[in-house]
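Some notes on the structure that comes next.
FYI, the numbering just counts along the sequence from 1.
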Amino acid sequence: MSETPSNTDKKSFVEDFKKRVADTKPTRWVRFGIVAAIFLAWVAWLGSWWVAVFLLLLFDIYITGYIPFTWWKKSKNKAVRAVMSWVDAIVYALVLVYFVFAFVGQNYQIPSSSLEKTLLVGDYLWVNKMAYGPRVPMTPIHFPLVQNTFPIINTKSYLENPQWSYKRLKGFGKVERGDIVVFNFPAGDTVLPKLLEPGTESRFAGADYYTLLKVLGREGLQAYKSEIGEPMYRPVARRDNYVKRAIGLPGETFSIRDGIIYIDGKPLPQPEMVQFNYLFQTKYPLLDQKWEEFGIAQDDRRIADPSYVNMEELSKNNFDLSGNYPVYTSPLTQEMVNKIKNDPATLAIMKTPVTRDEFLFPDIVADNWTRADYGDIWIPEKGATITLDERNWLIYNRIIRNYEGHPDAYLGSDGTVYIDGKPAKDYTFAMDYYYMIGDNRDNSLDSRYWGFVPEDHIVGKPMRVLISFDKDKSLFNGGIRWNRIFKNANAGL
């Protein structure tokens with residue numbers, strides 16, 4: 001008795017399946033074939049063939065229809081059909097955007113002046129993730145239109161679990177020297193969300209965790225806990241996006257001498273748009289028109305306090321020390337320097353002297369360095385091995401602990417490094433690393449301040465400026481920089 005219903009059910013399913021297949025219109029078969037081919041090509045690129053099991057889901061969506069994804073189309077309630085049609089369209093769009101942003105590319109806004117004049121504040125870029133190969137999503141469950149925080153409600157836009165191991169798909173090339181690169185900010189692994197909230201009145205507003213840690217120490221962070229809040233960890237792919245120029249590549253030695261970058265002891269040509277801070281003195285206060293002629297943005301128009309500069313140095317460069325003439329400071333390209341120098345309004349101009357900076361990377365090792373005279377420092381390469389002496393520990397301990405999965409590694413009081421609880425005389429790197437620098441050399445928080453960029457933090461390569469807005473001008477009075485639309489966003493050295 002019990003076998004008859006089972007056989008009947010089985011027969012009914014087979015017949016129903018055949019009927020659904022037979023009744024499918026040729027156009028749906030064509031659509032399924034195209035989608036299936038694209039899906040299988042993506043699976044082959046992904047290199048994880050188990051994902052191909054989802055081809056069955058696509059087959060049901062296009063051919064058999066057992067899962068009632070479109071149940072709402074048969075509803076007698078017009079409101080249900082209207083609302084669900086919008087929900088269906090939005091979900092479809094979000095899924096498409098998710099895959100495009102994850103594997104093809106996405107837009108990105110330039111928020112700071114670190115690459116001026118190559119890229120400008122207000123530029124919106126198209127970033128090609130296939131240039132170096134897209135990463136398989138490491139935090140796969142996230143909202144695709146925001147990086148880490150929903151605006152207004154200020155809550156996380158991702159789930160920390162599941163997290164997938166780093167894997168990069170095959171791309172069109174690799175990071176080359178001079179490339180402008182978008183990457184996740186390595187020191188953004190720990191943030192203080194309370195200080196990032198819009199309108200916060202804290203004296204520490206906008207300060208990053210590691211700077212406050214260096215200034216206040218761990219005890220100080222605890223003392224101001226009510227004001228700065230609890231630190232929060234962010235996964236690699238959800239850290240803020242930064243854009244800089246790749247100057248130092250894996251296995252190379254990086255240094256700067258008098259503002260000139262050296263790689264393995266050989267000087268590099270300066271990028272055409274490289275900027276340095278200058279002091280200049282004029283016969284009269286400058287008006288907006290003259291600033292515009294010089295090409296200096298509003299945020300870079302600053303009155304200088306020359307008292308911190310050696311008076312003899314100012315006098316040697318023909319500055320009038322009577323106090324009767326204004327002195328300004330701005331970041332300038334060489335072309336801008338020449339324009340100001342040759343302007344009748346200019347009395348004197350000189351490069352701003354660079355002093356020691358206590359925030360340079362790495363701590364202690366860089367105590368006598370400046371951002372203009374920096375290094376030597378070797379950039380780690382995958383498979384390369386270093387000796388773990390005290391100096392190398394100061395330079396590379398963050399890589400060992402934070403980027404390569406040995407959080408308990410430490411330097412013992414006897415000078416021995418311990419990794420995973422065992423003494424280690426040397427260390428072999430698991431990833432390649434890069435040194436990223438801004439073209440606005442004296443106003444760029446780059447690798448000189450926070451160190452190396454691991455390969456798993458690389459996002460992609462900016463290709464084109466989609467559109468550009470000048471925040472200092474109204475929309476209909478020069479606010480849109482029409483001459484930058486579709487401009488190459490990756491001008492090399």
Side-chain angles (χ1 to χ4, degrees), residues 28 31-43 45-46 48 50-75 77-109 111 124-131 133-164 166-169 182-184 193 234-241 459-460 462-464 466-467:
R28 288 196 69 82
R31 289 163 61 189
F32 170 70
I34 294 172
V35 171
I38 294 172
F39 175 74
L40 290 174
W42 175 71
V43 171
W45 186 32
L46 197 63
S48 300
W50 65 268
V51 180
V53 70
F54 289 101
L55 187 63
L56 296 174
L57 179 62
L58 292 175
F59 187 82
D60 183 68
I61 291 172
Y62 282 91
I63 307 299
T64 54
Y66 283 107
I67 302 174
F69 288 112
T70 57
W71 59 269
W72 50 272
K73 290 183 178 181
K74 299 177 181 179
S75 174
N77 189 317
K78 289 184 179 180
V80 170
R81 293 199 304 271
V83 171
M84 289 306 302
S85 66
W86 279 100
V87 171
D88 181 72
I90 291 171
V91 169
Y92 181 83
L94 287 176
V95 170
L96 182 62
V97 167
Y98 178 95
F99 275 91
V100 170
F101 279 16
F103 296 100
V104 180
Q106 70 184 87
N107 64 303
Y108 174 76
Q109 180 190 3
Y124 284 79
L125 312 177
W126 174 254
V127 177
N128 181 6
K129 292 189 175 182
M130 296 192 293
R135 298 172 298 187
V136 174
M138 291 184 275
T139 48
I141 304 177
H142 67 272
F143 194 78
L145 300 177
V146 292
Q147 177 60 15
N148 45 47
T149 307
F150 282 114
I152 301 176
I153 58 177
N154 292 318
T155 58
K156 290 192 297 186
S157 62
Y158 60 92
L159 297 181
E160 293 188 7
N161 291 303
Q163 288 193 33
W164 294 346
Y166 165 65
K167 179 182 179 181
R168 189 176 295 277
L169 305 185
V182 172
F183 55 92
N184 297 117
R234 279 180 179 164
V236 170
R238 304 273 63 88
R239 294 168 192 172
D240 287 341
N241 289 320
V459 173
M463 302 303 291
R464 293 287 167 186
L466 299 176
I467 194 167

Heavy-atom nearest pair, Pro134 first then Ala102, reads CB-O, 3.6 Å
With a 3.5 Å distance limit and no angle check, can you tell me whether Tyr92 reaches the backbone of Val87 through a side-chain donor-acceptor pair? no
Heavy atoms, side chains only, cut-off 4.5 Å: are Val182 and Pro462 in contact? yes
Test Arg238 against Thr139 for side-chain hydrogen bond (donor to acceptor under 3.5 Å, both in side chains), laying out the working first. CA-CA 8 Å; Arg238 304 273 63 88; Thr139 48; 3.1 Å; yes
Derivation and outcome, side-chain contact (heavy atoms from CB on, under 4.5 Å), residues Thr149 and Thr155: CA-CA 5 Å; Thr149 307; Thr155 58; over 6 Å; no
State whether the side chain of Gln147 and the backbone N or O of Ala237 hold a donor-acceptor pair below 3.5 Å, judged by distance alone. yes
Val91/Phe69 under side-chain contact (heavy atoms from CB on, under 4.5 Å): CA gap, chis, key distance, verdict: CA-CA 12 Å; Val91 169; Phe69 288 112; over 6 Å; no
Give, for atom CZ of Arg234 and atom CG of Asp240, the distance between the pair rounded to the nearest 0.5 Å. 5.0 Å
Parallel, tilted or perpendicular, judged at 30° and 60°: which one describes the rings of Phe99 and Phe103? parallel
Stepwise side-chain contact (heavy atoms from CB on, under 4.5 Å) check, Arg135 with Val459: CA-CA 8 Å; Arg135 298 172 298 187; Val459 173; 3.6 Å; yes
List the steps and the verdict of ring-ring contact (aromatic ring centres under 6.0 Å, His included) for Phe59 and Phe32. CA-CA 7 Å; Phe59 187 82; Phe32 170 70; 5.4 Å; yes
Nearest heavy-atom approach of Pro151 to Val146 is CD-CG1, 4.0 Å
Which heavy atom of His142 sits nearest a heavy atom of Tyr158, and at what distance? CB-CB, 3.6 Å
Please report the interatomic distance OH(Tyr62) to CG(Leu57), rounded to the nearest 0.5 Å. 10.5 Å
Return the OH to CD distance between Tyr124 and Gln109, rounded to the nearest 0.5 Å. 3.5 Å
Would you name the heavy atoms of Leu46 and Lys167 that are closest together and state the gap between them? O-NZ, 2.7 Å
Value rounded to 0.5 Å, distance of CD1 in Ile467 from CH2 in Trp126: 15.5 Å
Please check this pair: side chain of Tyr108 against backbone of Asn241, looking for a donor-acceptor N/O pair closer than 3.5 Å. yes
Return yes if some donor-acceptor pair links the side-chain N/O of Asn128 with the main-chain N/O of Gly460 below 3.5 Å, else return no. no
For Phe150, does the CZ atom have more than 12 heavy-atom neighbours from other residues, nucleotides or ligands under 6.0 Å away? yes
Donor-acceptor pair, Arg81 side chain versus Lys73 backbone, under 3.5 Å? no
Looking only at heavy atoms, the pair that brings Trp72 and Ser85 closest together is CH2-CA, 3.7 Å
Asn107 CG to Phe101 CZ distance, which is reported to the nearest 0.5 Å: 5.0 Å
Determine yes or no for a side-chain-to-main-chain donor-acceptor pair under 3.5 angstrom, with Lys156 supplying the side chain and Asn148 the backbone. no
Between Phe39 and Leu55, what is the shortest heavy-atom contact and its length? CE2-N, 3.7 Å
Show your reasoning for whether side-chain contact (heavy atoms from CB on, under 4.5 Å) applies to Ile141 and Gln163. CA-CA 9 Å; Ile141 304 177; Gln163 288 193 33; over 6 Å; no
I'd like to know if the side chain of Ser48 and the backbone of Trp50 have a donor-acceptor N/O pair within less than 3.5 Å. no
Would a 4.5 Å heavy-atom cut-off, applied to side chains only, mark Val136 and Tyr166 as touching? no
